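Just so you know, these numbers come straight off a predicted model, no measurement behind them.
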There are 2 protein chains.
Amino acid sequence: MNEIEIFLASKNVRPTAMRILVFRWLAKRKTAVTLTDMEVFFEKSDRTTLYRTIKTFEENGIVHRINDGGGIPKYAICAEGCRYGEHHDLHLHFHCTRCDETSCLTDHQIPQVNLPKGYLVEDMNLVVNGLCDSCNVD
Amino acid sequence: MNEIEIFLASKNVRPTAMRILVFRWLAKRKTAVTLTDMEVFFEKSDRTTLYRTIKTFEENGIVHRINDGGGIPKYAICAEGCRYGEHHDLHLHFHCTRCDETSCLTDHQIPQVNLPKGYLVEDMNLVVNGLCDSCNVD
DNA sequence: CGATTAATGCACTTCCATTGCATCCAAAGT
DNA sequence: ACTTTGGATGCAATGGAAGTGCATTAATCG
Ligand SMILES: [Mn+2]
Ligand SMILES: [Mn+2]
Ligand SMILES: [Zn+2]
Ligand SMILES: [Zn+2]
C-alpha cells in the first residue's frame, strides 16, 4: 500500500482505484472544487460515483464542504485532526469575485466572536469575498 | 402614500400592492425567510412574482441574501445604508441546527480579519451554527 | 474458489431557481 | 376621460444540480 492508500484506510475509507485517483487530484488543487469540476476532469467516471466519493470523504473527515455563497458547494482537503462527523477547519475561506476560485486560508483562523446570552456555538464559517492575489493586479 | 410606500419609492422600487404586502410581512419576521416560506404564506400569489419581488428588493438594497450553508438562500431586511448593488450588512448570521432558523445578529459585527499580501476585501459573510436561545433549553 | 459485502454505473426523480411570453395594470400624457 | 406605454404579474416551460433505486461489477474474506 502506498501513502494515500494507508491514509484512506486510516480514515476507514476503503482505498478503491477511483478514490485514490480523486484524493490524489484533490491534494494537488490549490483551490476548492465543485462536483462539476470533478465531473469535467474525471470524464470517464460517472457523476454519481464522484458524488458518493466526495460524500464519503466528507463524512470521514477527509474533505470539508465550503459554501462560498455561490450556491454550489465546493470541497477541499481537510487539515489534520478532522474525524468522522467532526471537522476542525475553523479557518477563513476566500472567494474571488473575479475568477470565482475559493481557497482555504488555513493560516487565518476565524476570530473569536461573542454571542447573545443563550446561544450555543457548534461551528462557524467565514467567507471573505474580494480579489485574490492573482486577480488583484490592476 | 404610507410609510412603506414612501420607503420603497425612495429605493426606486415602485410600491405595488404585492411589494407592499411582502415588505410588511418581511419587516415583521424575526428570522430570515426562504422563497418557499414566502410561497407558503402568500399562497394566492405566484411563485415567480415572489421570486422577482425579492430579487428586486435585493438589487435595490432592501433585503440581503443570506447563505447559511443549507443550500437554500434566505432573505432578511437590510439595515440602513444599503443601496443599489452595495450592501453594508457586515453583521453576524446565526443558523440554528435544531430549528433551522437563521437570524441576523445586527449588533454583532464581523471582526476585522487580516489577509495575505495581495488580497483585496470587498465583502464578508460570517455564519455561526449552533443552538439558538429558544432551542438551547436542555 | 465460492460466498459476502461494498463500490460503481445507469436511469430516474426531485427540488428549486430561472426564463419566455402573453396579459394585466397603473402611471403619464393627450 | 381616453389612450398610450412600460413595468408588473401569472402561467408554462426550461435548466441545473442534488439525490435515490436498483442492477452490475469489483473487492474482500473464509
Ligand atoms: Mn477550508
Ligand atoms: Mn443579515
Ligand atoms: Zn481571483
Ligand atoms: Zn433554534
Side-chain angles (χ1 to χ4, degrees), chain A residues 1-2 4-6 8-26 32-60 62-75 84 100 102, chain B residues 1-2 4-6 8-26 32-60 62-75 84 100 102:
Chain A
M1 295 215 299
N2 68 39
I4 292 178
E5 293 180 63
I6 292 170
L8 293 179
S10 78
K11 295 286 189 176
N12 298 308
V13 170
R14 290 166 64 161
T16 66
M18 197 62 225
R19 289 170 175 173
I20 293 168
L21 285 175
V22 169
F23 182 86
R24 180 176 296 133
W25 183 72
L26 284 175
V33 302
T34 64
L35 199 49
T36 303
D37 292 335
M38 297 173 64
E39 204 181 340
V40 167
F41 186 82
F42 296 100
E43 55 179 347
K44 306 260 186 61
S45 179
D46 188 77
R47 198 186 59 79
T48 311
T49 302
L50 296 168
Y51 167 72
R52 288 197 266 238
T53 296
I54 205 74
K55 191 180 177 194
T56 299
F57 281 5
E58 188 191 5
E59 288 171 350
N60 292 90
I62 294 171
V63 303
H64 58 285
R65 184 204 310 246
I66 304 164
N67 202 307
D68 64 9
I72 295 164
K74 297 182 179 178
Y75 300 89
Y84 176 83
D100 194 35
T102 301
Chain B
M1 294 216 299
N2 68 40
I4 292 177
E5 292 178 63
I6 293 170
L8 293 179
S10 78
K11 295 286 189 175
N12 299 308
V13 170
R14 289 168 61 165
T16 66
M18 197 64 225
R19 288 169 176 175
I20 293 168
L21 285 175
V22 170
F23 183 86
R24 180 177 297 132
W25 182 72
L26 284 176
V33 303
T34 65
L35 195 51
T36 303
D37 291 335
M38 298 173 64
E39 204 181 343
V40 167
F41 186 80
F42 296 101
E43 54 179 348
K44 306 259 186 61
S45 179
D46 188 78
R47 176 188 172 78
T48 313
T49 302
L50 296 167
Y51 167 72
R52 288 195 266 237
T53 297
I54 205 73
K55 191 181 177 194
T56 300
F57 282 4
E58 188 192 5
E59 288 170 350
N60 293 89
I62 295 171
V63 302
H64 58 285
R65 185 203 307 245
I66 304 164
N67 202 308
D68 65 8
I72 295 164
K74 297 181 179 178
Y75 301 89
Y84 175 83
D100 195 36
T102 301

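Protein atom CD of A:Glu58 is 14 Å distant from nucleotide atom C1' of D:dG19, rounded to whole Å. Distance CG (A:Leu8) to P (D:dA27): 15 Å, rounded to an integer number of Å. For A:Leu35 and D:dA18, the CG to C1' distance is 8 Å, given to the nearest whole Å. The nearest whole Å value for the distance from the OH atom in A:Tyr51 to the C1' atom in C:dT14 is 12 Å. Computed from coordinates, the B:Lys55 NZ to D:dA8 C1' distance equals 14 Å when rounded to whole Å. Protein atom CZ of A:Arg47 is 15 Å distant from nucleotide atom P of C:dT13, rounded to whole Å. Taking atom CG of residue B:Asp46 and atom C1' of nucleotide D:dA13, one finds them 13 Å apart after rounding to whole Å. Rounded to a whole Å, the CE atom of A:Met18 is 17 Å from the C1' atom of D:dA27.
Here the closest non-hydrogen pair linking B:Ala32 and B:Ile66 is CB-CD1, 3.7 Å. Taking all atoms of both residues into account, the shortest heavy-atom contact from A:Ser45 to A:Leu50 is OG-CG, 4.1 Å. Closest heavy-atom contact between B:Tyr75 and B:Val63: CD2-CG2, 4.1 Å.
Taking the six-membered ring where tryptophan is involved, the planes of B:Trp25 and B:Phe41 are essentially parallel, since the angle between them stays under 30° and well short of 60°. Using a 30° and 60° split on the angle between ring planes, A:Phe57 and A:Phe23 fall in the perpendicular class, above 60°.
Nucleic acid contact class of B:Ser45 (heavy atoms, under 4.0 Å, all strands): sugar-phosphate only. Looking at heavy-atom distances under 4.0 Å, B:Thr16 makes contact with sugar-phosphate atoms alone, never a base.
In this structure, the nucleotide among C:dA11, C:dT8, D:dA18 sitting nearest to the side chain of A:Pro73 is D:dA18. Among C:dG9, C:dT19, C:dC16, the nucleotide with an atom closest to any side-chain atom of B:Ile72 is C:dC16. Across D:dA27, D:dG7, C:dT19, the shortest atom-to-atom separation from the side chain of A:Arg14 is found for D:dA27.
Counting only residues at least two apart or on different chains, the salt bridge (Lys or Arg N to Asp or Glu O under 4.0 Å) pairs with a member in residues 38-55 of chain B are B:Glu39-B:Arg47.
Using a 3.5 Å distance cut-off with no hydrogens or angles, the side chains of A:Thr34 and A:Lys74 do not pair a donor with an acceptor.
Evaluation of atom-type donor-acceptor distances gives a pair under 3.5 Å for the side chain of B:Arg52 against the base of D:dG10.
Against DNA chain C, the stretch residues 36-44 of chain A makes no heavy-atom approach under 4.0 Å.
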